[in-house]
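Written out below as structure tokens is the structure these notes cover.
All figures in this text were calculated on a predicted structure; none of them were measured in a lab. Below, read A as the first sequence line, B as the second, and so on, with proteins coming before strands; counting in each chain starts at 1.
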Number of protein chains: 2
Amino acid sequence: MPAVPAAHQRPAPDGGVRRRRAGRPSSAVLDKAGITSAALELVSRKGYDGLTMAALAKLLEVAPSALYNHVSSKQDVLLLVEDHLMSLVDVSSFGAAPWDDAVRTWAWSYRNVFAEHTPLIPVIAVLPVTDAPQTLAMYETVSKGFLDAGFPQERIISAIVALESFIFGSAYDVTAPEDIFDPGTMAESTPYFTAAVRGAAGTALRAADAAFMLGLDALIDGLGSLRREAD
Amino acid sequence: MPAVPAAHQRPAPDGGVRRRRAGRPSSAVLDKAGITSAALELVSRKGYDGLTMAALAKLLEVAPSALYNHVSSKQDVLLLVEDHLMSLVDVSSFGAAPWDDAVRTWAWSYRNVFAEHTPLIPVIAVLPVTDAPQTLAMYETVSKGFLDAGFPQERIISAIVALESFIFGSAYDVTAPEDIFDPGTMAESTPYFTAAVRGAAGTALRAADAAFMLGLDALIDGLGSLRREAD
DNA sequence: ACCTGAACACCGTTCAAGT
DNA sequence: ACCTGAACACCGTTCAAGT
């Protein structure tokens, strides 16, 4: 081992970032886990607009093209991030609390996680679960919870999809401006709508939370009626 | 009036697109309505990937920068398209059919329109209604329908938002691959989920339609219970 | 006021060259 | 196998110049 670090490991005289020589490094500097955590850090600091392949490469101190040895596209990076986030969704109540309480805990947690990551929603919606192990783990726990609660097997997927659809849509609401329904100068031509907006203004909850609570309770009630007696 | 068309109106000798001279044309060649319909045509022919400012300009036979005399950004173009699509949503049953039937007709129509335009969903979710007259018109009709059905005024917006959230989330499902829930090689480590997926396979409806129907019925039942007697 | 044309500051992705 | 560096084919947007 040389006593003096190689030239590319010393800080550049001008204080710029140190450069790696071209060619295969002695050990790989990138892997999927590192790319995932760098992407998460970038998103939390700069939002999804800041998540570019160039920015990701810079944070990892590699050339942008190096990323393509580990992921096949930016969509692939989003998939890695999405699967990580799924592991943050709280499914712990299934098996530990009654079905309706478990669904409520899960749904609020799920919505809150993705309210901060709405740009991933179009990705999730089309993503085959095969490629996302954490996502699959979540579905397994939730499916078991529904079966144990007495749901007929052939309706479980539909019920979960319906809940998820509501959750994803509701995640967008959280990001909407508080005054999104202000009819502005059109107020007098839309009296019923304007009255409804004004009538809702007195509530303690944020509009997005009130709507989520209302819809979730309705879905839990309605879907719950599908259950037969649990054995 | 000259008997011979001006040079820029004649086909170019090489058969290329005819060019306009620089400078203000004698009458404006662009307006918002024209931009909107060109955008819609582009989307229907090439999808949202094909909707670029350059492609839009080309279809309208102007330079891309000319668009910015009429819209301030691409987001603005999406907003124009979105507002047009809202006018396609069927609200005709409100006032003509019982509340639950009207909601069902409206919701299916709404979902079907945006299932083909999912890239607009993130735009809609954050868009103040002030800027979108057709959208506002839809909300007016729906609000009146809810009020006349006996909904308490302060819950109407929440109820509509809950339904819309479900509708937007469900629109994504329509675009998902039919085998999105195939657990693939992970099937044996997720027995409950795998069984649920297999149990759902026999249904006549597409998975997205079965989930939408189930969730919509649950929401209509649950929300409907908020009504007091209509007068 | 409303066009053109050139320019700007980016994107994601590919690929030859290097070790 | 896994990096660098250059290049490609785009993006959306700005702005001076022209009429």
(message) With a 4.0 Å cut-off on N to O distance, would you call E41(B) and R45(B) a salt bridge?
(response)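 Looking at R45(B) together with E41(B), the answer is yes, because their closest N to O distance falls below 4.0 Å.
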
(request) Decide, yes or no, whether a salt bridge links R206(A) with D173(A) under the criterion of side-chain N to carboxylate O below 4.0 Å. (result)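 Here R206(A) does not pair with D173(A) in a salt bridge, since their nearest N and O are not under 4.0 Å apart.
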
Check whether any side-chain heavy atom of [X] lies under 4.5 Å from a side-chain heavy atom of [Y], and answer yes or no.
{"X": "E164(B)", "Y": "Y139(B)", "value": "yes"}
{"X": "L219(B)", "Y": "L163(B)", "value": "yes"}
{"X": "F146(B)", "Y": "V103(B)", "value": "yes"}

(message) Using a distance-only criterion (donor-acceptor N/O pair, under 3.5 Å, no hydrogens), is the base of dG5(C) paired with the side chain of S65(B)?
(response)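 It does, because a donor-acceptor pair links the side chain of S65(B) to the base of dG5(C) below 3.5 Å.
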
Can you tell me the distance, in whole Å, between the [atom1] atom of [X] and the [atom2] atom of [N]?
{"X": "D49(B)", "N": "dC11(D)", "atom1": "CG", "atom2": "P", "value": "10 Å"}
{"X": "M53(B)", "N": "dA9(D)", "atom1": "CE", "atom2": "C1'", "value": "19 Å"}
{"X": "Q75(B)", "N": "dC11(D)", "atom1": "CD", "atom2": "P", "value": "18 Å"}
{"X": "I35(A)", "N": "dC2(D)", "atom1": "CD1", "atom2": "P", "value": "11 Å"}
{"X": "L30(B)", "N": "dC2(C)", "atom1": "CG", "atom2": "C1'", "value": "9 Å"}
{"X": "K58(A)", "N": "dC3(D)", "atom1": "NZ", "atom2": "C1'", "value": "19 Å"}
{"X": "L67(A)", "N": "dT4(D)", "atom1": "CG", "atom2": "P", "value": "9 Å"}
{"X": "L56(A)", "N": "dC3(D)", "atom1": "CG", "atom2": "P", "value": "13 Å"}

(request) Name the nucleic acid region contacted by A66(A), choosing base, sugar-phosphate or nothing; use a 4.0 angstrom heavy-atom cut-off, strictly under. (result)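 Since a base atom lies under 4.0 Å of A66(A), the category is base.
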
(message) With side chain to side chain contact (heavy atoms under 4.5 Å, CB included) as the test, pick out the partner of L120(B) among V113(B), L79(B), L85(B), V43(B).
(response)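 So the option named by the test is L85(B).
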
(request) Ignoring the backbone of V62(A), work out which of dT4(C), dT4(D), dT13(C) is nearest its side chain. (result)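 Of the candidates, dT4(D) comes closest.
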
With a cut-off of less than 4.0 Å, is there a side-chain N or O of [X] near OP1 or OP2 of [N]?
{"X": "R20(A)", "N": "dT4(D)", "answer": "yes"}
{"X": "R24(B)", "N": "dA1(C)", "answer": "no"}
{"X": "H70(A)", "N": "dC3(D)", "answer": "yes"}
{"X": "N69(B)", "N": "dC3(C)", "answer": "yes"}

(request) Determine which bases of DNA chain D form Watson-Crick or G-U wobble pairs with both distances under 3.5 Å, and write the result as a 5' to 3' dot-bracket string with | for other-strand partners. (result) ||.|||||...|||||.||

(request) Select from P25(B) and K74(B) the residue whose nearest nucleotide in DNA chain D is closer to the 5' end of that strand. (result)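 The answer here is K74(B).
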
(request) Check whether the ring centres of F168(B) and Y172(B) lie less than 6.0 Å apart, and answer yes or no. (result)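 No: the rings miss the under 6.0 Å criterion.
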
(request) Take S72(A) and A55(A), find for each the nucleotide of DNA chain C with the closest heavy atom, and name the residue whose nucleotide sits nearer the 5' end. (result)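 Result of the comparison: A55(A).
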
